[in-house]
Amino acid sequence: MSKFMSERFSKLIAYVPGEQPRDFSYIKLNTNESPYPPAPAVFEALNAGEIANLRLYSDPECGELKRTLADYLGVGSENTFVGNGSDEILSFAFMAFCDKNIPVSYPDISYGFYSVYADLYGIEKNEIPLREDFSIAPEDYFDLGTTIFIANPNAPTGLCLSAGEIEDIVKANPDNVVVIDEAYVDFGGESCVQLTKKYDNLLVIQTYSKSRSFAGGRLGFAVGCKPLIGDLEKLRYSTNPFNVDRLALAAGVAAINNQSYYDNNIFKIIHNREYTTSELRELGFEVLDSKANFLFASTAKLSGAELYAGLRERGILVRYFNRPRIDRFVRITIGTREQMDALISAVKEMLNNA
Ligand code: PMP
């Protein structure tokens, strides 16, 4: 750290993203990307004409993409917000709806960025323990008097609350914003987007990174009542009005218009998830019931660190969290059937050597 860094950030510990090796020979099951390319319509949209247009700024209102998303989701354009990945939208939501007088609550085991944003913005953290079985107890989130962030499905567990359970939480906190991070909802969760029409304190955030094969394109969106969206827009225009570039805007529209392609990929990923779950359970693994594009799995025979290292030696990257309660687990992204078979063979070999 230089001597010039503001003291505000002297103790800040930055988020550490999953490894992105330049060596493409790994089977990459560590950051929940899609194994499939973006839709054919996205390839067509990112054409020479769009590249030539890069000399012009992008539309700061993101008008066409907002209209496309609004039609697709059955909400109004004014109820949508577009960001440079959902991480950016989460950042705006922490900035907008929390401060030194409004703490934030979220599950103690969840997306690691929540605690980093809280520290970045100087927000008091109320980390609520998951139940012993790693599920979220909805009643722990009633009448909190804080802003609430919940990933649904949760990460890295993959476990889900129903829309009804989320609605109970939203109803029980009428004076605070509840943010539902639906990064993984397309893989079998129940979306709360429609509930945003009924509650003025609910913001739902989704991403193109997972089900729409666009992690490297950086595009996310949020849905909420007009005043909540207005708050986020105020911060976006005060930070970077051109936060979504032209190529991402064009790809974002094309992707929604080619949704059947993604639906087919989602179908395959769910199928591979169920297949991998039963194969691993057959090998004695504990595998949580995931509704996401990843599994959270452990075995009594090897620690999480050993699983991670052994798979890496065999050319397969997974995610390991060196934290109490979850250090016996690894998080495995669901890839193609061939990739999952390679994972299962590697695991078998490791178990035989254990
Ligand atoms: N929320 C959750 C729960 C995630 O796991 C991720 C991916 N790391 C994100 C949000 C951020 O995704 P992105 O910024 O790529 O949209």
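Residue numbers run from 1 in the order of the sequence given. As the structure lists them, so they are numbered: ligands from 1, and atoms in each ligand from 1.
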Is there a donor-acceptor contact under 3.5 Å from the side chain of Arg246 to the main chain of Glu50? no
Where ligand 1 meets Ala183 - atom numbers and elements under 4.0 angstrom, heavy-atom basis: 1 (N), 2 (C)
Contacts of type ring pair (Phe, Tyr, Trp, His ring centres under 6.0 Å), residue Tyr114, not counting sequence neighbours: Tyr106, Tyr111, Phe149
How close do Ile332 and Ala297 get, counting heavy atoms only, and between which atoms? CD1-CB, 4.3 Å
Close approach of Tyr184 to ligand 1, heavy atoms, under 4.0 angstrom: yes
Using a strict cut-off of 4.0 Å, indicate which atoms of ligand 1 neighbour a heavy atom of Thr207. 13 (P), 16 (O)
Nearest non-hydrogen protein atom to atom 11 (C) of ligand 1, with distance, is Asp87 OD1, 3.1 Å
Among non-hydrogen protein atoms, atom 8 (N) of ligand 1 lies closest to Tyr111 OH, 3.3 Å
Using a 4.0 Å cut-off to any heavy atom of Gly85, which atoms of ligand 1 qualify? 14 (O), 16 (O)
Would you mind checking if Asp245 and Arg218 are paired as a salt bridge, meaning a charged N to carboxylate O distance below 4.0 Å? no
Salt-bridge present (Glu88, Arg236; N to O < 4.0 Å): no
Starting from atom 12 (O) of ligand 1, what is the nearest protein heavy atom, named by residue and atom, and what distance separates them? Ser86 OG, 3.2 Å
Examine distances only and state if a side-chain atom of Asn257 and a backbone atom of Ala254 form a donor-acceptor pair shorter than 3.5 Å. no
Enumerated ligand 1 atoms positioned under 4.0 Å from heavy atoms of Lys210: 7 (C), 8 (N)
What heavy-atom pair brings Leu302 and Leu351 nearest, and what distance separates the two atoms? CD1-CD2, 4.2 Å
Where does the angle between the aromatic ring planes of Phe221 and Tyr208 fall among parallel (under 30°), tilted (30 to 60°) and perpendicular (over 60°)? perpendicular
Report the nearest protein non-hydrogen atom to atom 15 (O) of ligand 1: residue, atom name, distance rounded to 0.1 Å. Ser209 OG, 2.6 Å
Atom 1 (N) of ligand 1: nearest protein contact (heavy atom, Å): Asp181 OD2, 2.6 Å
In ligand 1, which numbered atoms sit nearer than 4.0 Å to a non-hydrogen atom of Arg218? 13 (P), 14 (O), 15 (O)
